[in-house]
Amino acid sequence: MSSSLGKWLDENRSHRMTRKVHPNAAAPAREPPRIAACCGGDDVWGKDSAAVLTVWRKSLLFSCSGFTVFDAKGDLVFRVETYGSGTAGELVLMDAAGKPLLTLRRKRLSLGENWLIYDGEDAGNPLYSVRKHVNLRRCKALAHVTPCRSDVCGGYEVEGSYSRRSCTVFDDRGRAVAEVQQKEAVGGVAFGGEVFRLVVQPDVNACLAMAVLIVLDQMFGSRS
């Protein structure tokens, strides 16, 4: 089989799977807000109801890994695209049009695994630090999200099991503000761990919730 034919077949299979995950993948949604609005929630997603996002652990681009995220209407809202396989030292969360929203960078020379979240493509002043929970005793905690600046909201803690796609993000008042959940099978198609849901309450920015999910995938996920 020629390389061009193999590429076409792979892209065609990816397109069919995209239509099963959500039917409106080609239609970009409204641009999500920047992270500066994290304290008050997101006007785009609505202040009175949770945003239910479908997360596909795959890039729409050929030969890339990453994430493709749809809203409840099936519109594309977030993208993450990385070349190669395995973990990366830097990842960029983009909107449907490819505009950088947040940049995630692994912190070097730190005790334990630690990631920094930056606004857009900024490289100088991080917004949050996400530190993997390390404790010899059994504990529900997975990671701790700590603000790095005074103009962003208080910290968060993630509990549960990312590998089982069952974890919850709690704010500093103990309220559940985001959840990673398994997605039910549709039309007999079982999605497994590659397609799941991110439910974001109006009290937290959806960009930040998605950024935390990406870091969890780097810490606890494994890609073939």
Side-chain angles (χ1 to χ4, degrees), residues 10-35 37-38 41-82 91-104 117 120 158 162-169 176-218 221 223:
D10 185 74
E11 291 175 340
N12 193 40
R13 285 193 295 267
S14 177
H15 177 73
R16 292 200 302 270
M17 183 61 184
T18 302
R19 308 300 291 184
K20 290 180 181 179
V21 173
H22 257 308
N24 303 329
R30 287 178 293 170
E31 180 179 332
R34 298 302 290 270
I35 199 68
C38 67
D42 300 336
D43 290 335
V44 169
W45 308 102
K47 290 183 178 295
D48 300 323
S49 60
V52 180
L53 307 179
T54 295
V55 181
W56 187 15
R57 202 163 167 260
K58 181 179 177 64
S59 170
L60 292 178
L61 297 183
F62 177 74
S63 74
C64 282
S65 60
F67 292 89
T68 305
V69 185
F70 307 92
D71 66 10
K73 297 180 181 179
D75 294 326
L76 180 64
V77 288
F78 295 129
R79 297 160 46 192
V80 177
E81 292 154 4
T82 59
L91 297 164
V92 179
L93 175 65
M94 300 177 289
D95 66 10
K99 179 181 178 181
L101 300 172
L102 296 172
T103 298
L104 319 176
I117 300 176
V158 186
Y162 179 76
S163 62
R164 297 178 181 176
R165 304 299 184 259
S166 177
C167 50
T168 304
V169 180
V177 294
E179 291 183 76
V180 176
Q181 303 173 350
Q182 293 183 357
K183 186 175 177 67
E184 301 84 359
V186 177
V189 177
F191 295 113
E194 296 303 301
V195 180
F196 49 98
R197 298 199 306 175
L198 174 63
V199 181
V200 184
Q201 299 300 325
D203 296 318
V204 68
N205 185 280
C207 302
L208 175 59
M210 187 62 207
V212 172
L213 185 153
I214 295 167
V215 173
L216 291 175
D217 191 79
Q218 292 295 306
R223 291 182 179 272

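- The nearest pair of heavy atoms linking Leu102 to Ala211 is CD1-CB, 3.7 Å.
- Here Ser166 pairs with nothing under the side chain to side chain donor-acceptor pair (under 3.5 Å) rule; sequence neighbours left out.
- Closest of all the heavy-atom pairs between Leu101 and Met94 is CD1-C, 3.9 Å.
- For Gln181, the side chain to side chain donor-acceptor pair (under 3.5 Å) partners two or more places apart in sequence, or in a different chain, are Arg197.
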Worksheet item: Can you list the steps and then say if Leu208 with Ile117 is a side chain to side chain contact (heavy atoms under 4.5 Å, CB included)?
Response: CA-CA 9 Å; Leu208 175 59; Ile117 300 176; 4.1 Å; yes

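- Cation-pi geometry between Arg165 and Tyr162 is satisfied (NZ or CZ under 6.0 Å from the ring centre, within 45° of the ring normal).
- No side-chain donor-acceptor contact under 3.5 Å links Asp217 to the backbone of Gly221.
- To the nearest 0.5 Å, atoms CG (Leu104) and CD1 (Ile214) are separated by 5.5 Å.
- Looking at every heavy atom in both residues, Asp95 comes nearest to Ala97 through OD1-N, 3.0 Å.
- Under a 3.5 Å cut-off, the side chain of Gln201 and the backbone N or O of Ala176 do not form any donor-acceptor pair.
- Summarising the geometry, atom CG belonging to Leu61 is positioned 4.0 Å from atom CD belonging to Glu81; distances are rounded to the nearest 0.5 Å.
- When all heavy atoms of Phe196 and Lys183 are compared, the pair lying nearest together is CA-CB, 3.8 Å.
- From Leu213, atom CG reaches atom CD of Gln218 across 11.0 Å, with rounding to the nearest 0.5 Å.
- A donor-acceptor pair under 3.5 Å is absent between the side-chain atoms of Thr54 and the main chain of Phe70, judged by distance alone.
- Between Arg79 and Phe67 there is no side-chain heavy-atom pair separated by less than 4.5 Å.
- In this structure, CG on Leu198 lies 9.0 Å from SG on Cys167, to the nearest 0.5 angstrom.
- Taking CG of Asp71 as the reference point, atom CG of Leu53 lies at 7.0 Å (rounded to 0.5 Å).
- For the pair Val199 and Ala50, the tightest heavy-atom approach, listed with the atom from each and the gap, is CG1-CB, 3.9 Å.
- Looking at every heavy atom in both residues, Val200 comes nearest to Ala209 through CG2-CB, 3.9 Å.
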